[in-house]
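One structure below.
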Amino acid sequence: GAVVSQHPSRVICKSGTSVKIECRSLDFQATTMFWYRQFPKQSLMLMATSNEGSKATYEQGVEKDKFLINHASLTLSTLTVTSAHPEDSSFYICSARDNYEQYFGPGTRLTVT
Amino acid sequence: EDQVTQSPEALRLQEGESSSLNCSYTVSGLRGLFWYRQDPGKGPEFLFTLYSAGEEKEKERLKATLTKKESFLHITAPKPEDSATYLCAVQAGSARQLTFGSGTQLTVLP
């Protein structure tokens with residue numbers, strides 16, 4: 001099956017700093033990528049939909065100036081958490097679609113101290 | 001608004017004890033129903049996509065079925081390595097994104 005990678009897998013940062021997470025589709029081109037966040041023992045919550053070459057579409061309640069998304073190519077999307085605070089600590093998961101299915105990355109555990 | 005409800009929230013089985021997980025959905029224009037497996041601290045792993053009522057798909061000890069209102073994930077003679085959270089999601093209408101249920105946490109005891 002298709003493979004989606006994320007980097008880093010785990011990051012710890014201080015409050016007020018920014019963190020960038022990369023998501024790559026390794027063996028297919030993804031015109032659309034998705035960013036999710038997941039809190040412990042909860043399901044995935046969609047944050048935004050990212051289309052290559054255009055602005056991301058954010059879900060209601062997600063601050064677009066705080067969670068910057070860039071989809072620079074058909075195989076790479078990045079999520080930057082700006083001025084991170086402890087409440088931004090969570091598990092962030094990206095996903096990419098080929099023509100048929102949606103595949104998920106392994107996730108990035110962000111801890112803001 | 002699309003809704004996906006999974007039951008039970010948690011399920012404990014003895015090894016070899018077959019059972020089913022339920023995913024009920026209310027959507028406008030179902031385009032696909034997806035099952036994923038998620039292990040702790042990892043991203044969801046794709047299992048199946050079902051597109052129309054009556055469709056069934058199998059993979060090892062897992063079998064997914066679909067009706068117009070719900071989907072079942074049947075687990076036959078489960079093993080401890082089947083322990084995970086199983087997520088159901090739907091894609092509906094013109095949306096490209098998936099709407100997820102809250103998941104069923106399955107524990108298979110040896």
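The chains referred to below are lettered A, B, ... by the order of the sequence lines, with proteins before strands, and numbering in each begins at 1.
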Self-check item: Proximal component of Thr31(A), with respect to chain B [non-hydrogen, under 4.5 Å]
Solution: side chain
Quiz item: Under a 4.5 Å heavy-atom cut-off, does chain B meet the side chain of Leu44(A), its backbone, both or neither?
Solution: both
Quiz item: Can you name the residues that form a side chain to side chain contact (heavy atoms under 4.5 Å, CB included) with Pro86(A), not counting sequence neighbours?
Solution: Ser15(A), Val112(A)
Quiz item: If we ignore angles and hydrogens, is there a donor and acceptor under 3.5 Å between the side chains of Gln38(A) and Gln38(B)?
Solution: yes
Quiz item: With a 4.5 Å limit on heavy-atom distance, are the side chains of Phe104(A) and Tyr36(B) in contact?
Solution: yes
Quiz item: Are more than 12 heavy atoms from other residues, nucleotides or ligands located less than 6.0 Å from atom NE2 of His85(A)?
Solution: yes
Quiz item: Hey, is CD on Gln3(B) packed in by over 12 heavy atoms from elsewhere, all under 6.0 Å?
Solution: no
Practice problem: Examine Phe34(B) together with Tyr103(A) and report whether their ring centres are nearer than 6.0 Å. | Solution: no
Self-check item: Other residues, nucleotides, ligands: >12 heavy atoms within 6.0 Å of Arg61(B) CZ
Solution: yes
Exercise. Scan side-chain atoms only and decide if Ser102(B) and Gln42(A) contain a donor-acceptor pair under the 3.5 Å cut-off.
Key: no
Quiz item: Does Arg10(A) CZ have over 12 foreign heavy atoms under 6.0 Å away?
Solution: no
Quiz item: Which of residues 72-83 of chain B get closer than 4.5 angstrom to chain A, counting heavy atoms alone?
Solution: none
Self-check item: Pairwise side-chain contact, Arg97(A) with Gln97(B), heavy-atom cut-off 4.5 Å (strictly under)
Solution: no
Quiz prompt | Heavy atoms of other groups near Lys55(A) NZ, more than 12 under 6.0 Å | solution = no
Quiz item: Closest heavy-atom contact between Phe100(B) and Ser43(A)?
Solution: CB-OG, 3.5 Å
Quiz item: Of all heavy-atom pairs between Lys42(B) and Phe91(A), which one has the smallest distance, and what is that distance?
Solution: O-CE2, 3.6 Å
